[in-house]
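Remember, it's 1-based here, ligands and their atoms both numbered in the order they're listed. All residue numbers in this chain count up from 1 along the given sequence.
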Amino acid sequence: MTNAAVDSRLFEPTTLGALRLPNRLVMAPLTRNRATADGVPQPIMATYYAQRASAGLIIAEASTPNAVGQTYPNITAIHNDAHVAGWRRVTDAVRAAGGRMFLQLQHGGRVGHPDTSGLTPVAPSPVPLPETIHTPTGHQEAVVPREMTTDDIHATVADFAAAARNAVDAGFAGVEVHAANGHLLHQFLAQGTNRRTDAYGGSVAGRIRFTVEVVRAVADAIGPERVGVRISPGVTFNGMEEGDTEEIYRALVPALADVGLAYLHVVFADPDQPLFQEIRRAWPGTLIANPVLGWGRPLPADGGRLAGERLLAAGADLIALGRPFLANPDLVDRLRLGAPINQVRDEGLMYTGGESGYTDYPTLPAASRPRAKTLDPVGP
Ligand SMILES: Cc1cc2nc3c(=O)[nH]c(=O)nc-3n(C[C@H](O)[C@H](O)[C@H](O)COP(=O)(O)O)c2cc1C
């Protein structure tokens, strides 16, 4: 191992809204299924996130804004007082460790099951997930979701806004609205899942409407500088078929551009892709890019440093990494020192309970760690 510090813009301090970040590395949201069955964060989650507090920003895992939005067993929620109290323990621990944290708000839409949530999933149209889904009793066929009425849509927009207020009460600096990876907002954006003929379907202008309404309502609830949005142009997770990918994001990004949001976050961002470059040009504010590291393959030996630097050079402001932070609580130090990277030990442990594969990844010996820079304290 070398102790020669790597010189890189990744380690420059920067700002995000009212927050001062000690570096440009963001821990991407990672669902880890360590909450109680009704979505209350457990104390072990405070340990896990505090271990990773040296990230410039942590975006905490997908948290459901209402009961019907629950995707999988033991995911976190943020729609009642017990959820707020559970998350408060986590944000307190992260703040005490010197970190800053947003919470991702995710409604699963058709990615859900009555055996998990007790409710029939809802979606823009009655188009089921074309895959089996994990439930408390194992993998099962997906059910046909119930088509949302206009009243359902308005109630869901209000649930997102209430969840954002709860997140701030729980001590988060802000929230990330999840419009990516095949969940409810993405289902509204995509032709394959949105067959509606009303104002929320049909043309691109109709299909982006729900996402724009959710984002605006959340921004009105807690202030736009506390709100980010995650998008995944072209990503086919969860059986997604966007159809007109370019048109969707050419309409959506400018529609969000004047809200004054904290950031836009692009999943699997490729600096050579023309659509990524177009999004960069169209987005006036902070752009977080989550690079393509090779899904389902071992992490690159440099932990994603070069992929991140290429995206910074292409105009991204912050770099989000998922599995590298999962397996390396001290990822920032490791990248800065060019130290070896822990691989994800056993993918089976990503979504199971307990400490194994969660809070037990090793850190570098104290003697090899660089001294952390001290920043002025900042508000939540
Ligand atoms: C265990 C696990 C859980 C994930 N959970 C979420 C999530 O809650 N919300 C989300 O938007 N993406 C989620 N993702 C996707 C990651 O945020 C990230 O986009 C993906 O892992 C690619 O980045 P990486 O190659 O740096 O890991 C998850 C990925 C993994 C491996």
### Message
Parallel, tilted or perpendicular, judged at 30° and 60°: which one describes the rings of F210 and Y200?
### Response
perpendicular
### V175 to A167 - nearest heavy-atom pair and separation
CG1-CB, 3.5 Å
### Task
For the pair W87 and F172, name the ring-plane relationship: parallel under 30°, tilted 30 to 60°, perpendicular over 60°.
perpendicular
### Task
Indicate yes or no: does E309 engage R9 in a salt bridge with an N to O separation below 4.0 Å.
no
### Query
Using a distance-only test with no angle check, is there a side-chain donor-acceptor pair under 3.5 angstrom linking N290 and R230?
yes
### Query
Is it true that the NZ or CZ of R34 lies under 6.0 Å from the centre of Y358's six-membered ring and within 45 degrees of the ring axis?
yes
### Message
For a quick check: using heavy atoms under 4.0 Å, what are the residues in contact with ligand 1, sorted by chain and number?
### Response
A28, P29, L30, T31, A62, Q104, H178, N181, R230, V267, F268, N290, L293, W295, L321, G322, R323, P324, M350, Y351
